[in-house]
Amino acid sequence: MCGKCYCFLGVFGMVSAADFVGRDIISIKDFTREEIDYILKVAGEMEYLAKGGSDMLRGKIMAALFFEPSTRTRLSFETAMYKLGGAVIGFSEPEISSIRKGENLADTVRVVEKYADVIVLRHPAEGAARFAAEYAEVPVINAGSGAEEHPTQALLDLYTIIKEKGRIDGLTIALMGDLKYGRTVHSLAHALSLYNVKLILVSPESLRMRREVLEDIKKRIEISEHTDVESVLPEIDVLYVTRIQKERFPDIAEYAKVRGSYKIDLNILRKAKENLIILHPLPRVDEISVEVDSTPFAKYFQQVRNGLVVRMALLALILGAIKE
Ligand code: NCD
């Protein structure tokens, strides 16, 4: 990238920046591998703007509509917008908006788009982001739709793997934890199935990967399912751990049965490859012992930083600030 304008030089397959302008980001399944690789390349170019800032999105407004709790996703989208010179409106407590008065999502979206150039939406309902995109003229970015998907998290997970391992192809990657209700692992599994990886799924029996995700990805990559991480740990290059999604259990008694059923600690890690990396979308509850944080395996806090550059890239691309 040259210093003055925001031109990305060099050909990148058949994909170009123009392909992203005005585009919704609803599901990772809407993207090809070439498009994902392009986004990750632009994210790499954002590393230096993340330090110094830029005015490439000056005058642009992002609306962050968060109907569910969030720390990293909302703050990283907001920071990304500010770093690029744009501004942010929105709410993270729907109770203080007109939702409280009974306004529906379709109306909320049609109002907010009169102020904003892009809408970032987190909502407990599966399908909410696609529904919102049908009503909105401006692009909608899915920041988490119930237990269904979290596509921008998957992009930052891929970016972290490339940054730490230099590649995705050829790796053995394990997704561990709540594979039933965890939206991050649904998006990530789909994304990884576009690469040449061996995927290992580790979960309690009752929290196995959603069948429809499994059926889809097993058409493309080799997958095995396990209930115990120890036997497979020696072959894993990337261990992606998730918390049990307590809030999504229809029956709290079911949650009680699996609570605390897995934990990564120093003892287990004695069986790990020396260059294993451990990722986690965070928040962590008790599934990774805090003593792991100071080992070279732990990359989950670097992962947070990577979310910033990936979201800067997405906003710049969607809002047409990147020129070929
Ligand atoms: C995740 C989410 O909201 O799905 N958090 C995040 O966005 N980093 C994971 C989780 O809540 O467990």
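Just so we're clear, the structure is a prediction, and the values are computed from it rather than from any experiment. Indexing begins at 1, ligand by ligand and atom by atom, following the structure's order.
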If we ignore angles and hydrogens, is there a donor and acceptor under 3.5 Å between the side chains of D293 and Y300? yes

Within ligand 1, which atoms have a heavy atom of Q153 less than 4.0 Å away? 6 (C), 7 (O), 8 (N)

Decide whether R243 and H280 meet the rule of one side-chain donor and one side-chain acceptor closer than 3.5 Å. no

Look at the rings of F20 and F31 and say which category their plane angle falls in: under 30° parallel, 30 to 60° tilted, over 60° perpendicular. parallel

As an exercise, identify every atom of ligand 1 less than 4.0 angstrom from a heavy atom of T184. 1 (C), 4 (O), 9 (C)

For E247 and ligand 1, does the shortest N/O to N/O distance drop below 3.5 Å? no

Numbered atoms and elements of ligand 1 in range of T73, under 4.0 angstrom, heavy atoms: 6 (C), 7 (O)

Is ligand 1 under 4.0 Å from a heavy atom in the side chain of T242, in the backbone, in both, or in neither? neither

Non-hydrogen side-chain atoms of I168 and I162 separated by less than 4.5 Å: yes

Would you indicate whether the side-chain heavy atoms of D30 and R130 approach each other to under 4.5 Å? yes

Taking atom CZ of R33 as the centre, does the number of heavy atoms from other residues, nucleotides or ligands within less than 6.0 Å exceed 12? yes

Contacting atoms of ligand 1, where contact means under 4.0 angstrom from a heavy atom of R243: 10 (C), 11 (O), 12 (O)

Atom 4 (O) of ligand 1: which protein heavy atom is closest, and how many Å away? R183 NE, 2.7 Å

Does the residue P283 have a heavy-atom contact with ligand 1, meaning some pair of atoms that are separated by less than 4.0 Å? yes

What protein heavy atom is closest to atom 9 (C) of ligand 1, reported as residue, atom name and distance in Å? L282 O, 3.6 Å

If we count only N and O atoms by modelled type, under 3.5 Å, do the side chains of Y195 and D37 hold a donor and an acceptor together? yes

Using a heavy-atom cut-off of under 4.0 Å, does the side chain or the backbone of E68 touch ligand 1, or both, or neither? neither

Could you pull out, from S70, A143, A147, P281, the option with a heavy atom nearest to atom 8 (N) of ligand 1? P281

Checking E205 against T227: is there a side-chain donor and acceptor pair closer than 3.5 Å? no

